[in-house]
Structure formats: structure tokens, C-alpha cells
Amino acid sequence: MRTGAGPPRLSSRTVSLTNGGAPRQLTAACVRFNYASASRLFLHTVFCIASVVLGFRISQEISLVVLQFNYVEDTINWFDRNSEDFENFTTAQGLSDPNVPGLSDALEVHETIFDSLPHPDARLPGPLTGLTTPLNASKKTGVQVGRHRILIREWPHPDPSEMMEAYNLIARVQQEQRRLHSVQDWKPVIAITPTYARMFQALHLTGLMHTLSLVRGPVTWIVIEAGGTSKVTAELLSEARVHNVVHLGYPKPMPDKFEARWILESHLRVEGLRFVREKKLEGVVVFADDSNVYSMEFFNLIQKVNWVGVLPMGILGYAGFQDGNNAKSRRRRRGSLLLGVVHKGQVPPKIDLQVQTLAAGNRNGTVDGWHAHRPLPLDWDSGKGTSLLDNRLQWAGFVINARAFWTSEHQTKRPPWLKDWKLWARLKDGVYLDLRSILKDESQVEQLADVGPKDVVRHWWIRMEGRPDFKFPPRWTLDSQPDIVLPARSSPWPEVVLNSTSPSRSTQMKTSSLDSNKSPARDG
Amino acid sequence: MGSFGPSCSLGRECGSAGLKGPRLWNYGFWVGVLVLVLVCLVGGADSEVGHQRISGSAGDVLEDNPVGRLKVFIYDLPSKYNTDWLKKDPRCLTHMFAVEEYLHDFLVESPVRTLNPEDADWFYAPVYTTCDLTPNGLPLPFKSPRVMRSAISYISSHWPYWNRTEGADHFFVVPHDFAACFHYQEEKAIERGILPLLKRATLVQTFGQNHHVCLKEDSIVIPPYAPPERMQTRLTPPSTPRSIFAYFRGLFYDTGNDPEGGYYARGARAAIWENFKDNPLFDISTNHPGTYYEDMQRAIFCLCPLGWAPWSPRLVEGVIFGCIPVIIADDIVLPFADAIPWEKIGVFVAEKDVPVLDRILSTISPEDVLEKQRLLANPAMKQAMLFPRPAQPGDAFHQILNGLARKLPHDPSIFLKPGQSFLNWTEGPLGDLKPWGKDSL
């Protein structure tokens, strides 16, 4: 419950808690020089030379014998007869009932000599069922056939320091796996998010924040807010655990209409790219709209990008309902993602998931075209007058090397088919800037993931609500105790419950006032 | 000028006329040392590749090629000893003991086979003793001694090579629980002992426990059969992070056969359950997940405790999936123990140390764990545990042949002198002496 968080932070700020969520001491840089492997290498060299000189094979096991012999002492002490540990061992007879007469009486306790064991103090005579002579070939063995005791220690729960050791072991193994098998030079991720204060902003930004905090490596999160930076957004961003959060403001407020929102968002993203250009940031730029959902595999795939990459992006649109098999609903069903029950005897509808991606003709290097978002008749508020949107692609389906925005055309490493910033980033009022226009030659786009029957879409773009003028309580604070609507089943104060059992009284929630002009209104 | 060594820097003995030229052997010696150092460095820098060479007590023998080193003659036994069993129950080709069938197929097609018995170093009699299955699929060992005796009497009467050595240059495959003791219950198996007629032959078996009656000194211990295709189609990418510390799926108590507990697995599996059922590091349970193979690939340690017999297919699965096997079976002898250095690859825990298993596992240093994973990642290691069809170089079939080749040449004393005899054909329980099949001796 927050009542206020102080002045909104307008400048960028570094959070040095974690490096993309991983413990600090296990960044990739630490693996560069490893004393243990260097000493191993040195020992190997020494023994190799020694074996050549002496004429027979000397291996590293000799060093084990010499250097680690002292560990045998430690294991003996675990089972010191006089120590606490031994007394703490209890035994269980499995599922037998100790109160049943006869069983324990019939067992003969054998003091068998276990002299093949390393520490003779650890002899545990087990009651053997009826066997008076050991049946094994030689008496020297320590393994007997027959019933043995089930050893349970006194407190069979994990020791906290051992747990920590085990987790460190797991972390070290995973680090080695990353070193050997996954991407070697991890490019930092730059996420650009246009946002604006609205009903579901808290929901979306929280989700995106947690997603980005799981990404490996340093993540720079650039959030551009329409209507200027607000306290609300700043509070949300203060909890982000990424390497760097940049909260920028754009003076124009977000308009109400769907199409106009798209256009302004494209301008906001250019603002964010302007920041990338000014600071000359390195890495892969991801256009993470706040309502997007990412799988972690997405961030592994984008590491392969050279300049401009495209991934198939799922588009989650209006969820229609299946109500009968008549022609009207059949028309509706075509092309939209449906949620619903398929009744017995009905044929489930063919579901076409909307995906924005490169068209399949790219196998031999040519690009035939794009499969773009087609707003459906049922996509209310987006379906009207949307012929203009038919040529435009969403930014979120692309990833770009950050250098595309600040290296100039004269530098040799920049490809010639990328337009220069000054030529491309020309914002006109009311005109949607498509990221596609940065490419002079679309066949240079890299397809980072396949689209086929076995492949999965790894990130989704959801854009079905978003009007900034929806009324909602921006902060969920409770200034007073809410009234009881449903009485508790057994209330300690029955007289109070009996007096106020009218269910029609709705909960009153006072909303705190904000900087921007939002009126406190009906329940969200 | 001072570069010619201290003797010259002293000054007095080195006038310009007394300077000794550099000796050729001097430079050659140091160049040789430099080359040696470089060679050894290159050989040691294999941790960058992710895996490491395996060499056991017999040396670096996993990748040896047995062709040319031995010759095997296969007796042509009547089909009642082999293929008739298969016709009766084709399940023998998919269970854990299918190696006896597959080794026969492999040897028939292999270049080590010779059709001239005078030329052969080893003789093989294909008898499928583990193919008499219950309706549930478990092999019944009750007829096996008689089948084996009948086969041996057949070969001793139709060819002279058995009587020449009384079986010392013959090998048999006995993959069942307690190998040539031919019983599934350990006490009965120990009572019976190894079939007396097989006393001198080499046995290829899955059971291995030191100081046990049912393991002969010169037996070759092999892994149980696990279908390679089934495992290889379920491999996940190696970059999947290993997040399970210790993994086990299987029974802890065998309530059917051991209702009181303490008998099954000598109480070790029950101890694992009782001590670690609440430990979040141990992912252990009795349920049968569909993602068993995938889970093993996400685990660092896979527990391989003994069951009714010390060996288990978990070892093979652990090796294929890169999960370090934690072997909890006292005195166990692991497959191909002379070719594979199991102490370097797996973790051995004594059965009485099971209550502190978590301490043992968490105090292994990360460097040791990575070393073991590197050894497990060696493709030669994985190949040596499998029985692929068609056979591939370095697989378990070849390891068996390598093991047989390492026993050559035979000691000349195995050939019997006239009048010498070691085997007693009437030794053993009376039930074994009953003849089996229509045309037995």
C-alpha cells in the first residue's frame, strides 16, 4: 500500500543489485582465468615430461594419493563411536510392528566382523534373520545376505550450510554449461517500451519487468511515457531489477483512438532510439511493448542477430465465443482465436492464429513478403477504418543491432542497405513510422526462427485494451476498512454481522489523487 | 657477449680466442624439451573441448578395434537352444537381458567370426537361458541349468573342442540376475553356486559383486541392455541447465516380496527414502513420469542404489544422459571395469553412509563434478554402454570382444593332458541332472 513515493525520477539510474538476476560473482567475466584448470594443466605437463624421462607412465592419480590422503581422516570422524553422531542413528524395522511378539525375539544379533570396511568403529551389527552362517564364499566380505537395518539419522532434514554448498555447486555446473554450450558473446539487451498511464499499465509493466529481470546479462530498459513522466509509472519502475532503467517523457498525451495510439507509439519508440543514439549504447534493441509476453527462448534466439532480425510474433486478438454452428458464427470464427466449448458432434473450428512474420519464400535468400496483422471484424475499436493499417508492421516483431542507429553511413562496418538515422527518423504528425522503412533492401533481414508446423512462436503482442480515458482507480489503496458484504461463517461478533447484512452496499474505495487529470470513478 | 654463459662472464678464461662455440647438442636438447612441453600442453588442454579421454587400468582401450586380434567360432546348435525360445516369446528381444540374442546376431555377422574351428581362439555356444518368461515378462531360471547342461553335452559330443580344454577357451552369455548361479533369489543362488560345468569357461554377465560366489575372477561384466534408439530420440539440448541436484525414480520398499522391509536392497533404498524424502535437493519418488529421460538430463547426480541385485539400468541411462551416477552398492563390480575408470566417473557411497548422503554429495568440489561431467561427455564412454544395431565401433559388443582379446593368448596349461579332468558331470543339485529336450546326451 503506497501513499506516495517522493519526486518522480526523470533521469536514468543504475541498479546494482544483480546482473540480470544472476548472482554477482558468477558473471561470464570470472571464467576467463581459472587457477584450478591452470594448475591441472601444469601438473599434467610435469607428469607427461616425467613419464617420458623415466620411461613408464605416471598419471595424475599420484598427485591424488599424495595430496588428498588427509581426507580419509575426515571420513573416519563421521562415525566416531564416542561422538554424538553415532548415538543419533535410529533404526526402523520397515513396516513391521515392534509390538508384535516373536519377531524381535527370534532375531539373532550377529557380531559379524566387518574388517573390509575402512573404519572399524563403524561396525553396525544388524539383526539377521535366522542365518547362522554367512553364506558368501569367503568370510572376508562385508556384505551379507539377509535382513539389514534401515539407518535413519536423528534429524533427517537438510543442513542449511550444506544446502548452500549444493546450490553453489548447481550454479557452477550451470555456468560451465553456459560456457560450453550456449552463446559465447552475450550481447546486452536494450528494451524500448512506450507506455502511458491507463487501466492495465500496472499489470503489463509488472509482467514485463519480471521478464526482463530474468534475462541474462546487462539489460537496459528505456521506458518512454506519453504525456510526460508520471509518478505512477516511476513507482512501478522503481521495483525493476535490471541493470539500467531509463524513464523518459514525451510531451504529447496519448490520444483515444486506436490508430492514433499506434502512430504515437511509433514516435515514442523513436524517442527511445534517440537516447540509444546519444549514448551510443551497444547491444540488441528489442521493442518490448508493455503488454508483450516473452518466452526466455526469445532472448536466446536474438543473440544470433547481425543487423536486423525478425521473429514470428503471435498476435492475440479478440477472443470470440463459439455459439452454435450457424453461418454468422462460422464467419466470425474464421481467422480469430477462439475460446469456447466444442459440443459433442460439432466439428472444432479451424483456428488461424494471427502471426506477424516473414513470408516463407525466404529460404533461398529472397523475401517474398510479410504476413501482417489483419484486424478482424470483431476486434472492436481496431476494426473500423483500418485499411491504412494494412501496410504496416509492428515494431515488436523486429530486433536490431543498436549500432544501426548511431554508426554513420561512412563507417565501413555499417551495411549500405540500412538507412541513416537522419534520413529515416523523420517524424511527421499523424504518420506511422514503420520500422521496415529503415531497410533499403528487405532481403537482408535475418529470420531468427523458423515458422513451421513444429516451431513455436516465442513472443506475443497483445493490444486489445488501451484507451487512456478508461476510468479506473490508479492506485489500489484502502483508506478505510471495507464493509462486510458476506458475513463470515462463524463470526465472534454475531450482533455486528446481524446488523449489517445488506449485500447491496458496495465497497467504497477512496482513491488518492494523482498528478494527471484522472477523475476517481467507478469500480475497476 | 655475456650470452655464452657464466663461465665467460667471469672474464678470465674468455679471451676472444678462447670463446667456445655453442655446442650443437645444447640447442638440440633444449629444442627437444620445448617440443615435449608443447606436446604435453596440447594434450592437456582438452577441457576446452568439453570432454576428456578415458583410460582405465588396462590403459586407453575403449576405442580398440578387436578385429584381427581374436577369432571366434560359433557352434551351430540346434534351434531348440536359441531361436525356438524366441519364437515362443519375442519379448526376449526387448527386455533387459536381450544381450544374449543380440550378441549372437552380432557375432554371426562380425569379421572376428571364423568358420574354421582349428583357427579359433574362443568358442561361443549361443544358448538363450534367459528367455523362459512368465506372463509378466520376468525370466524364470528353473530350466536354465538343465538347458545349459544339455547344450554343453551336445557340444562336447559333437565337437572335440570342449573336451580339449573342458571349456577354458569357451565363453557363454549369462545376463540374468545372478549370472550362472541361475536363480533370482540371492540366498538360493549362493547355495547353488556357479553351474559346475561352467567352472572353467569365461562368463559374460551383468552381475558383478566382489567376493561373491556368482562372480568368477575372470568374468566379463557388461551393462544391461537398454534400447539405444529409445534413449537417443529423447535427448535434449546440452544447454538445458541442470537444475535437479539428485534424482531417483523407483521403488524404495518392495511390499510384495519384502513386506517387513530391510531385506530389499539391504535396506539402502528405504534409508534413502526415510532420510531424504523432505530434502528439496533430492528429487526422489516412486512414480513413473513420462519425462524420466528428460529429467535425468536436468539432473546433476542420479542415484543408482542396488535393488534385488546390485546392477541396474540406471547406470547406463545416467551415462547416456550425462548425469553422474551415485552408486550405492557395496562391493559392486561395474561393467568393463578394466577399461573404464569408474571411480573417476561416478561417486561411490557405502550403504552405511546413506544417511549422510547429502553431506557427501554437497561436499564434492565443483571442480571434481565438472571433471566427472567431462568424462561422461566423452562419446566413447556413452558408446561403450550401448548395444546398437547395427553394431558401431566402440560399442558394448566391441568392448566384450576387446575384453576377450585381452585375455589372449591362452595359457597353454588350459589344454588338458591325457587323463586329466577337472569337471564332474554329476556335480550339482539332483534336479539339474535331469536331461532336457529330446536329443540330450
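Computation of the quantities below employed the complete heavy-atom set of this structure, encompassing side-chain atoms and omitting hydrogens, waters and symmetry-equivalent molecules. Chain naming here is simple, since letters A, B, ... match the order of the sequence lines and numbering starts at 1 in each.
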- Message: side-chain contact (heavy atoms from CB on, under 4.5 Å), that's the test. Do Val173(A) and Val369(B) meet it? Break it down for me.
- Response: CA-CA 8 Å; Val173(A) 166; Val369(B) 169; 3.8 Å; yes

- Query: With respect to chain A, which residue among Leu361(B), Asp358(B), Ile244(B), Thr240(B) yields the maximal number of heavy-atom pairs within a distance under 4.5 Å?
  - Reply: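 Between Leu361(B), Asp358(B), Ile244(B), Thr240(B), the count favours Asp358(B).
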
- chain A: which of Pro241(B), Ala271(B), Ser239(B) shares the most heavy-atom pairs with it under 4.5 Å? Pro241(B)

Any donor and acceptor pair, going by atom type alone, linking the side chain of [X] with main-chain N or O of [Y] inside 3.5 Å?
X         : Y         : answer
Asn275(B) : Arg153(A) : yes
Glu274(B) : Ile150(A) : no
Arg147(A) : Gly261(B) : yes

- Task: Against chain A, label Ser243(B) side chain, backbone, both or neither, depending on which of its atoms sit under 4.5 Å from a heavy atom there.
- Result: both

- Using non-hydrogen atoms and a 4.5 Å limit, figure out which bit of Phe276(B) sits close to chain A: side chain, backbone, both or neither.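 For Phe276(B), side-chain heavy atoms alone lie under 4.5 Å from chain A.
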
- Query: Does the side-chain contact (heavy atoms from CB on, under 4.5 Å) test come out yes or no for Leu370(B) and Arg172(A), once each step is laid out?
  - Reply: CA-CA 9 Å; Leu370(B) 293 179; Arg172(A) 179 72 185 89; 3.4 Å; yes

Atom pair [atom1]/[atom2] of [X] and [Y] - distance to nearest 0.5 Å:
X         : Y         : atom1 : atom2 : result
Asp353(B) : Leu151(A) : CG    : CG    : 9.5 Å
Arg359(B) : Asp159(A) : CZ    : CG    : 8.0 Å
Glu162(A) : Thr363(B) : CD    : OG1   : 7.5 Å

- Task: Evaluate the side-chain contact (heavy atoms from CB on, under 4.5 Å) criterion for residues Arg374(B) and Glu176(A): first the C-alpha distance (whole Å), next the side-chain angles of each, then the deciding distance (0.1 Å), finally the verdict.
- Result: CA-CA 11 Å; Arg374(B) 272 192 282 269; Glu176(A) 184 74 11; 3.9 Å; yes

- Got a sec, which residues hit salt bridge (charged side-chain N to carboxylate O under 4.0 Å, His left out) with Glu351(B), two or more places apart in sequence or on another chain?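 By the salt bridge (charged side-chain N to carboxylate O under 4.0 Å, His left out) rule, Glu351(B) matches Arg266(B).
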
- Task: Could you tell me which residues satisfy ring pair (Phe, Tyr, Trp, His ring centres under 6.0 Å) with Phe245(B), sequence neighbours excluded, listed by chain and number?
- Result: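 Partners of Phe245(B) by the ring pair (Phe, Tyr, Trp, His ring centres under 6.0 Å) criterion, ordered by chain and then number, come out as Phe301(B).
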
- Task: Given side-chain contact (heavy atoms from CB on, under 4.5 Å), test Asn279(B) with Met163(A) step by step and report yes or no.
- Result: CA-CA 9 Å; Asn279(B) 193 323; Met163(A) 291 273 278; 4.1 Å; yes

- Message: Leu169(A) and side-chain contact (heavy atoms from CB on, under 4.5 Å): which single residue from Ser362(B), Ser365(B), Pro366(B) fits?
- Response: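 It is Pro366(B); the other options fail the test.
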
- Can you check whether Pro238(B) reaches Gln177(A) side chain to side chain, under 4.5 Å on heavy atoms? no

- Task: Using a cut-off of 6.0 Å, state whether more than 12 heavy atoms not belonging to Lys277(B) lie near its atom NZ.
- Result: yes

